Amino acid sequence: MRRPLLLVGFWTVAVLAATGIGLLAVSFAGPGLPGAGASGDEPLTGPEVSKALATRTTPTAGTPAPSQVTGKAVPFRQLGNYVLASCGTNGLASLLNFTPAGGWQVDDDVQRGPAAEAEVKFEGPDSDLKVRVQCRAGAPVFTPEVQPD
């Protein structure tokens with residue numbers, strides 16, 4: 001009779017210890033976790049999302065950007081969507097990789113290149129994002145275009 005009681009006691013202690021360790025870990029990471037309380041992360045409403053998308057700005061053509069580095073694969077990110085492009089020795093643009101953000105998808109008509117202009121279109125819940133890539137001075141230059149639905 002004593003052995004089952006010992007097993008139940010050890011099991012209870014193990015469960016309490018695991019719970020305590022888990023709560024301690026969450027308390028250390030708390031403010032960085034969505035919904036952890038202190039960070040103020042509240043979900044946006046539909047109108048708030050539309051307003052945020054409408055007021056989002058992109059770099060202008062005259063703004064120096066990391067995407068103008070020559071001889072490398074160059075990343076570009078907008079609205080959480082990711083594009084990686086490069087320019088060949090012939091000055092043609094190529095899409096090496098592209099990944100949609102959560103809730104977005106890639107349109108089937110991707111123009112990967114190599115070509116004078118490569119293009120990918122991301123379709124989102126409230127808008128679409130078309131990213132064109134051309135090569136200037138041997139470096140990819142990204143031209144994003146947000147199209148509200």
Side-chain angles (χ1 to χ4, degrees), residues 10-149:
F10 284 127
W11 182 85
T12 303
V13 169
V15 169
L16 290 174
T19 303
I21 291 170
L23 290 173
L24 183 64
V26 170
S27 71
F28 281 121
L33 295 175
S39 64
D41 291 337
E42 292 293 324
L44 297 177
T45 64
E48 290 171 332
V49 170
S50 298
K51 182 180 177 184
L53 288 172
T55 59
R56 187 167 180 119
T57 60
T58 57
T60 61
T63 304
S67 64
Q68 295 175 346
V69 176
T70 59
K72 297 182 180 178
V74 178
F76 175 82
R77 186 177 301 274
Q78 184 165 358
L79 301 175
N81 299 291
Y82 174 81
V83 178
L84 183 67
S86 69
C87 293
T89 56
N90 53 8
L92 298 179
S94 293
L95 297 179
L96 304 177
N97 194 354
F98 43 88
T99 306
W104 292 69
Q105 61 185 7
V106 175
D107 184 83
D108 292 335
D109 188 26
V110 176
Q111 299 169 9
R112 291 178 172 265
E117 181 176 278
E119 178 181 293
V120 61
K121 183 177 180 182
F122 299 97
E123 298 174 342
D126 295 320
S127 63
D128 295 340
L129 171 65
K130 185 184 290 185
V131 179
R132 293 188 180 107
V133 182
Q134 296 178 319
C135 293
R136 295 195 189 119
V141 176
F142 298 90
T143 306
E145 180 183 335
V146 177
Q147 303 162 336
D149 282 344

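None of these values were measured; they are calculated from a predicted model. For this chain, numbers begin at 1 and follow the sequence in order.
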Check your understanding: Looking only at heavy atoms, which two atoms of Phe142 and Val83 are closest? And how far apart?
Key -> CE2-CG1, 4.0 Å
Point to revise | Heavy-atom side-chain proximity of Pro125 to Trp104 below 4.5 angstrom | key: yes
Exercise for review: Please work out whether the ring planes of Phe122 and Phe98 are parallel, tilted or perpendicular, with thresholds of 30° and 60°.
Suggested key: perpendicular
Point to revise | Between CZ on residue Phe76 and CG on residue Leu95, distance to nearest 0.5 Å | key: 12.0 Å
Practice item. Would you give the length of the straight line joining atom OG1 of Thr143 to atom CD of Glu119, rounded to the nearest 0.5 angstrom? Key: 10.5 Å
Study note, to complete from the structure: Smallest heavy-atom separation, Val133 atom then Ala85 atom, equals CG1-CB, 3.8 Å
Review point. Do Lys121 and Asp128 pass the side chain to side chain contact (heavy atoms under 4.5 Å, CB included) test, and can you show the C-alpha distance, the side-chain angles, and the key distance before you say yes or no?
Key: CA-CA 7 Å; Lys121 183 177 180 182; Asp128 295 340; 3.6 Å; yes
**Study point:** Gln111: side-chain hydrogen bond (donor to acceptor under 3.5 Å, both in side chains) partners, not counting sequence neighbours
**Key:** none
**Study point:** Nearest heavy-atom neighbours spanning Cys135 and Gly91
**Key:** CB-O, 3.3 Å
Check your understanding: With sequence neighbours left out, what residues match Gln134 under side-chain hydrogen bond (donor to acceptor under 3.5 Å, both in side chains)?
Key -> Glu117, Arg136
Practice item. Go through the structure and list residues passing salt bridge (Lys or Arg N to Asp or Glu O under 4.0 Å) with Glu123, not counting sequence neighbours. Key: none
Revision key, fill the gap. Which of Pro114, Ser94, Pro140 passes side-chain contact (heavy atoms from CB on, under 4.5 Å) with Cys87? Answer is Pro140
**Study point:** For the student: nearest non-hydrogen atoms of Pro144 and Leu129, plus distance
**Key:** CB-CD1, 4.0 Å
Exercise for review: List the atom of Val110, the atom of Val106, and the distance in Å for their closest heavy-atom pair.
Suggested key: CG2-CG1, 3.6 Å
